[in-house]
Amino acid sequence: MLEPVFSVTWQSPANIALIKYWGKKTFQLPANPSISLTLSKCISTTSVTVYPLPENNGPQIEFYYDNQKHEAFQQRVKNYIEFLATEEMTFLKSYYLVIHSSNNFPHSAGISSSASFMSSLALCLCTVEQELHNQEYYDFFQRASYIARLGSGSAARSVYGGYVNWGYTSMLLHSSDEYATPIGKKRIHETFFQYADTILVIDSSQKPISSSEGHRLMSQNPFSSARYKIAHEHHHDLLQCLLCADEENFIKIIEQEALMLHAMLMTSHPWNILLKPNSIEVIQRIKQFRTENNIPVGFTIDAGPNIHLIYHKRYSEPINRFIQNELIQFCENKKIIEDEVGNGPDRIN
Ligand code: DP6
């Protein structure tokens with residue numbers, strides 16, 4: 001019977017992209033820089049317990065989701081850890097790893113859990129590397145972001161709280177395609193730290209296309225170069241809005257980004273329409289509410305049908321009324337998730 005030599009647990013949040021990563025240069029390197037807002041309440045908790053293998057014939061993996069064996073996840077995690085063991089983290093070859101993970105947001109909420117899960121797993125693996133193999137890091141979180149990116153690009157951004165950049169840009173010192181970096185508080189007006197994201201769950205069924213496949217289709221999309229050019233412009237302009245508290249243009253840009261992501265999905269071959277009739281109804285009503293009430297509330301959308309309502313908490317009252325009176329009827333089982341800007345991952349003892 002093997003004895004464990006180390007165990008570690010991290011909690012890591014989901015994030016929602018404001019400037020979208022959609023399309024890759026090459027393996028896990030983004031075609032354009034992206035910016036996300038780290039959430040606070042939608043969290044994955046992952047623990048890794050390591051057992052030494054006498055023969056160095058690892059890595060071997062046992063994966064549990066919600067304390068149950070999960071074949072599909074197990075295969076994805078196995079491929080990822082085997083890939084890391086070949087070059088990045090060769091020490092993994094000498095271990096049997098037992099991994100437990102769970103999400104505090106319902107699996108059926110239609111929220112991508114790959115960013116929160118992959119970032120929590122990467123943080124655990126980097127802790128093993130640091131504490132069991134005495135690896136000195138220049139920056140632990142930078143290493144974790146780099147390792148997370150190799151599993152899922154958007155996961156690179158969940159390693160930090162607040163507003164996060166991933167992808168090289170001359171606008172931000174230390175930015176890189178290889179890992180995400182937090183956008184310093186000096187570059188974000190304090191108003192944006194009071195922002196809420198209420199997720200309107202329109203449809204929780206599984207997406208017909210994976211993100212990885214969607215990224216791949218961008219290489220043949222006839223509009224991809226225009227998209228990357230505009231993504232760079234939006235990225236530049238959003239940084240300006242974040243600095244100057246320009247809430248009106250902030251909303252304009254994030255909505256254009258969301259709709260452009262879906263335009264790319266629709267104009268790829270094969271095409272995919274991920275928005276549902278209720279998604280469209282909701283975004284029309286958001287636009288109308290904004291115009292009639294002069295309240296800067298906007299939306300963003302992931303590669304799915306659910307709508308993220310983005311607004312400053314000083315408008316919580318009228319916006320909650322708006323959600324209850326007008327929007328909730330379009331949500332699946334009237335499901336909404338109330339989240340906000342969060343502080344990033346935590347290590348659990
Ligand atoms: C629409 O990070 O899931 O959410 O790197 O292939 O795992 P892989 O893709 P993934 O793509 C996320 C796409 C997006 C936009 C974003 O989060 O920036």
Side-chain angles (χ1 to χ4, degrees), residues 12-39 42 44 72-73 75-77 79-80 83-84 103 109-122 145-160 163-167 169 175 177-181 183 197 199 206-219 221 224 227-228 230-232 234-235 238 253-266 268 272-275 279 299-308 310:
S12 193
N15 71 75
I16 177 71
L18 303 174
I19 301 295
K20 306 293 181 185
Y21 147 56
W22 198 246
K24 305 183 191 190
K25 273 184 203 151
T26 52
F27 175 72
Q28 291 308 94
L29 294 175
N32 61 266
S34 57
I35 294 177
S36 60
L37 177 166
T38 297
L39 297 175
C42 296
S44 295
F73 287 175
Q75 196 51 48
R76 184 165 179 202
V77 172
N79 293 345
Y80 172 58
F83 167 75
L84 292 177
N103 296 337
I111 298 165
S112 155
S113 55
S114 74
S116 52
F117 167 62
M118 278 294 174
S119 57
S120 57
L121 178 58
S145 178
Y146 172 90
I147 292 294
R149 170 184 61 89
L150 299 174
S152 182
S154 54
R157 299 183 309 237
S158 271
V159 163
Y160 299 104
Y163 292 80
V164 183
N165 181 77
W166 171 41
T169 160
S175 61
D177 284 349
E178 306 225 332
Y179 45 80
T181 44
I183 305 179
D197 173 5
I199 305 162
Q206 180 125 21
K207 294 187 285 186
I209 175 177
S210 69
S211 296
S212 301
E213 179 60 6
H215 288 290
R216 205 181 57 72
L217 294 177
M218 279 299 279
S219 61
N221 185 299
S224 59
R227 159 63 196 155
Y228 299 145
I230 295 170
H232 278 92
H234 281 167
H235 181 274
L238 193 81
I253 295 168
I254 67 170
E255 291 188 346
Q256 283 181 352
E257 277 292 300
L259 295 174
M260 203 172 282
L261 165 68
H262 284 267
M264 293 300 109
L265 278 153
M266 289 182 210
S268 289
N272 277 281
I273 299 179
L274 302 186
L275 297 174
S279 318
F299 63 83
T300 185
I301 322 173
D302 235 331
N306 303 319
I307 307 296
H308 292 245
I310 307 285

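All values below come from the heavy atoms of this structure, side chains included, with hydrogens, waters and symmetry mates left out. Numbering of ligands and ligand atoms starts at 1, following listing order.
- The shortest distance between side-chain heavy atoms of N272 and P208 falls below 4.5 Å.
- Summary of contacts: the protein heavy atom closest to atom 11 (O) of ligand 1 is H215 NE2, 2.9 Å.
- Side-chain contact between N306 and I301: absent, with no pair of heavy atoms (C-beta onward) separated by less than 4.5 Å.
- Looking at S34 against ligand 1, nothing comes within 4.0 Å, counting heavy atoms.
- Of the N and O atoms on the side chains of H308 and D197, at least one donor lies less than 3.5 Å from an acceptor on the other residue.
- On a distance-only criterion, N15 and ligand 1 share no N/O pair closer than 3.5 Å.
- Of all the atoms in ligand 1, the ones that sit under 4.0 Å from a non-hydrogen atom of W22 are 1 (C), 13 (C).
- Close contacts between ligand 1 and Q28 involve ligand atoms 5 (O) [criterion: under 4.0 Å to a heavy atom].
- One option in S211, G23, S158 has a heavy atom closer to atom 3 (O) of ligand 1 than any other, and that option is S211.
- Those atoms of ligand 1 with a heavy atom of D302 less than 4.0 angstrom away are 1 (C), 4 (O), 14 (C).
- Residue G153 has at least one N or O atom closer than 3.5 Å to an N or O atom of ligand 1.
- Residue contacts with ligand 1 leave out R149, since none of its heavy atoms falls under 4.0 Å from the ligand.
- Heavy-atom distances between M118 and ligand 1 stay at or above 4.0 Å for every pair.
- For the pair I35/H235, a side-chain contact is recorded, criterion being any heavy-atom separation below 4.5 Å from C-beta on.
- Residue A17 has at least one heavy-atom neighbour below 4.0 Å for each of these atoms of ligand 1: 16 (C), 17 (O), 18 (O).
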Margin query: Between T300 and K20, does the side chain to side chain donor-acceptor pair (under 3.5 Å) criterion hold? Intermediate values first, please.
Written below: CA-CA 10 Å; T300 185; K20 306 293 181 185; 2.9 Å; yes
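- The side-chain hydrogen bond (donor to acceptor under 3.5 Å, both in side chains) test with S12 singles out one residue from S158, S119, S120, and that residue is S119.
- Taking all heavy atoms of K20, R157, E257 into account, the minimum distance to atom 16 (C) of ligand 1 is reached by R157.
- Here the protein heavy atom with the shortest distance to atom 13 (C) of ligand 1 is Y21 O, 3.6 Å.
- The protein non-hydrogen atom at the shortest distance from atom 7 (O) of ligand 1 is S152 OG, 2.8 Å.
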Notebook entry, point to check: Would W166 and Y179 satisfy ring pair (Phe, Tyr, Trp, His ring centres under 6.0 Å), going step by step from the backbone distance to the final call?
Noted result: CA-CA 6 Å; W166 171 41; Y179 45 80; over 10 Å; no
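- With salt bridges taken as basic N to acidic carboxylate O contacts below 4.0 Å, one links E257 and R227.
- Within the 3.5 Å criterion, the main-chain N or O of N15 finds no donor-acceptor partner in the side chain of T38.
- Against a heavy-atom cut-off of under 4.0 Å, S212 is close to the following atoms of ligand 1: 6 (O).
- A cation-pi arrangement, defined by a distance under 6.0 Å to the six-membered ring centre and an angle within 45 degrees of its axis, is present between R149 and Y146.
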